[in-house]
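Encoded as structure tokens, the structure appears first; notes follow it.
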Amino acid sequence: MTNIVKFGAAVVAATAILSSNAVAQSVFVGVEGGFLQSRTTLDEIFPSTVDDPSDTSVELGLKGGYDFDTFRVWGGYSYRTKGSEDYNLRDGADFIDGKFSWQTHNILVGADYTPLLSDNLKLALGTYTGISFVKGEFSGQAQYTSGIYTYTLDNSSTTGTGALIGLKIGGIYEVVKNNEIEFGVKGDYQTTGIDEFDNILNYGIYVGYNYKF
């Protein structure tokens, strides 16, 4: 009889542990928004007196993945609204009178370390990478000399495909069961695959909502 009781207790304990792990691990889907400072680096063919354009950008995204309790993996999509900066510069025969603008669509994968900090709060420390689809535009006119070559621009638009890598740190707060608010800061570096813009640096704050199944 004693052995049966011990066996029964062991079964109950094992069931409780497995049930706890099953609850902690789950599929999740989410939405995310961000407010970023975005700076693009102009190609070296442009005069050194032209500052690299920068602007604020809003990010909107969708993601889904699997939460293993203390870490998670995910994939998603994000759209970053157009950033732009106007120029009206003249230096002898060289001039730029127009606006540079850029925007991106991104396909992402990432992994986060998410240890528990308190009953309802987790740390979110992660990295992500992916593919960027970049559209760059110049609206206006420009003429400038680089070395022995003279370049002209007139209402040009181009697209390219590049890579992205980033880091983020923040928190995940469980509001009610299966419903989380995520928040923090993030930053990433994008290559563009186009001639006029060598790369794009983004950094800022983000907030999102996750539903766990």
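Position 1 is the first residue of the sequence, and the numbers go up from there. Scope of the values below: all heavy atoms of this structure, side chains included, with no hydrogens, waters or symmetry mates.
- Within the 4.5 Å cutoff, the side chain of T56 has heavy atoms near those of the F35 side chain.
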Got a list of side-chain donor-acceptor pairs under 3.5 Å for residues 88-97, not counting sequence neighbours?
unit_1	atom_1	unit_2	atom_2	d
D94	OD1	T145	N	3.3

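- Of all the heavy atoms in V134 and T191, the pair that sits closest is CG2-O, 4.2 Å.
- Applying the side chain to side chain donor-acceptor pair (under 3.5 Å) test to Y144 and every residue at least two apart in sequence or in another chain returns nothing.
- Between the OG1 atom of T40 and the CG atom of N202 there is a distance of 9.0 Å, given to the nearest 0.5 Å.
- For F213 and Y211, the ring centers are positioned less than 6.0 Å apart.
- When hydrophobic clusters are built by joining Ile, Leu, Val, Met, Phe, Trp and Tyr residues whose side-chain heavy atoms come closer than 4.5 Å, directly or via intermediates, F133 is not grouped with I194.
- Heavy-atom minimum distance, T114 versus D69: OG1-O, 3.0 Å.
- Separating the CG atom in D55 from the CG atom in L36 is a distance of 11.5 Å, to the nearest 0.5 Å.
- Proximity of T129 to V109: side-chain heavy atoms (C-beta onward) are separated by under 4.5 Å at one or more points.
- Between the side chains of W102 and T192, no donor-acceptor pair is found at a separation under 3.5 Å.
- Checking D67 against S26 by side-chain atom types alone, no donor-acceptor pair falls below 3.5 Å.
- Here the straight-line distance linking atom CG of L125 with atom CD1 of I169 works out to 5.0 Å at 0.5 Å rounding.
- Atom OH of Y151 sits in a crowded spot, with more than 12 heavy atoms from other residues, nucleotides or ligands closer than 6.0 Å.
- Nearest heavy atom pair, residue I172 against residue E182, reads CG1-CG, 4.0 Å.
- For the pair Q143 and T150, the tightest heavy-atom approach, listed with the atom from each and the gap, is CG-CG2, 4.0 Å.
- A cation-pi geometry, defined here as NZ or CZ lying under 6.0 Å from the six-membered ring centre and within 45° of its normal, holds between K186 and Y128.
- Among all heavy-atom pairs drawn from K122 and L116, the shortest one is CG-CD1, 3.9 Å.
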### Message
Please evaluate residues N155 and F138 with respect to the criterion side chain to side chain contact (heavy atoms under 4.5 Å, CB included), reporting the C-alpha separation (whole Å), side-chain torsions for both, the decisive distance (0.1 Å), and the verdict.
### Response
CA-CA 5 Å; N155 294 323; F138 175 76; 5.8 Å; no
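- Applying the under-4.5 Å side-chain rule to Ile, Leu, Val, Met, Phe, Trp and Tyr, the cluster around I165 consists of that residue alone.
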Donor-acceptor contacts, no H, no angles, side chain residues 73-87, under 3.5 Å, sequence neighbours left out:
unit_1	atom_1	unit_2	atom_2	d
W74	NE1	D112	OD2	3.2
Y77	OH	H105	ND1	2.7
S78	OG	E59	OE2	3.1
S78	OG	N106	ND2	3.1
R80	NE	E59	OE2	2.9
R80	NH1	D188	OD1	3.0
R80	NH1	D188	OD2	3.4
R80	NH1	Q190	OE1	3.3
R80	NH2	E59	OE2	3.0
R80	NH2	D188	OD2	2.6
T81	OG1	V58	N	2.9
T81	OG1	V58	O	3.3
K82	NZ	E137	OE1	3.1
E85	OE1	S54	N	2.8
Y87	OH	D51	O	2.6

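- Not counting sequence neighbours, the partners of V176 by the side-chain contact (heavy atoms from CB on, under 4.5 Å) test are N179.
- One distance of note links OH of Y203 with CG of L167; it measures 15.5 Å at 0.5 Å rounding.
- N199 pairs by the side-chain contact (heavy atoms from CB on, under 4.5 Å) definition with T41, Y189, not counting sequence neighbours.
- Ring centroid separation for the pair Y113 and F71 does not come in under the 6.0 Å cut-off.
- Rounded to the nearest 0.5 angstrom, R72 CZ and K63 NZ are separated by 4.5 Å.
- The two residues L42 and P53 come nearest to each other via the heavy atoms CG-CD, 3.6 Å.
- Within the model, atoms CG of L121 and CD of E174 stand 11.0 Å from one another, a figure rounded to the nearest 0.5 Å.
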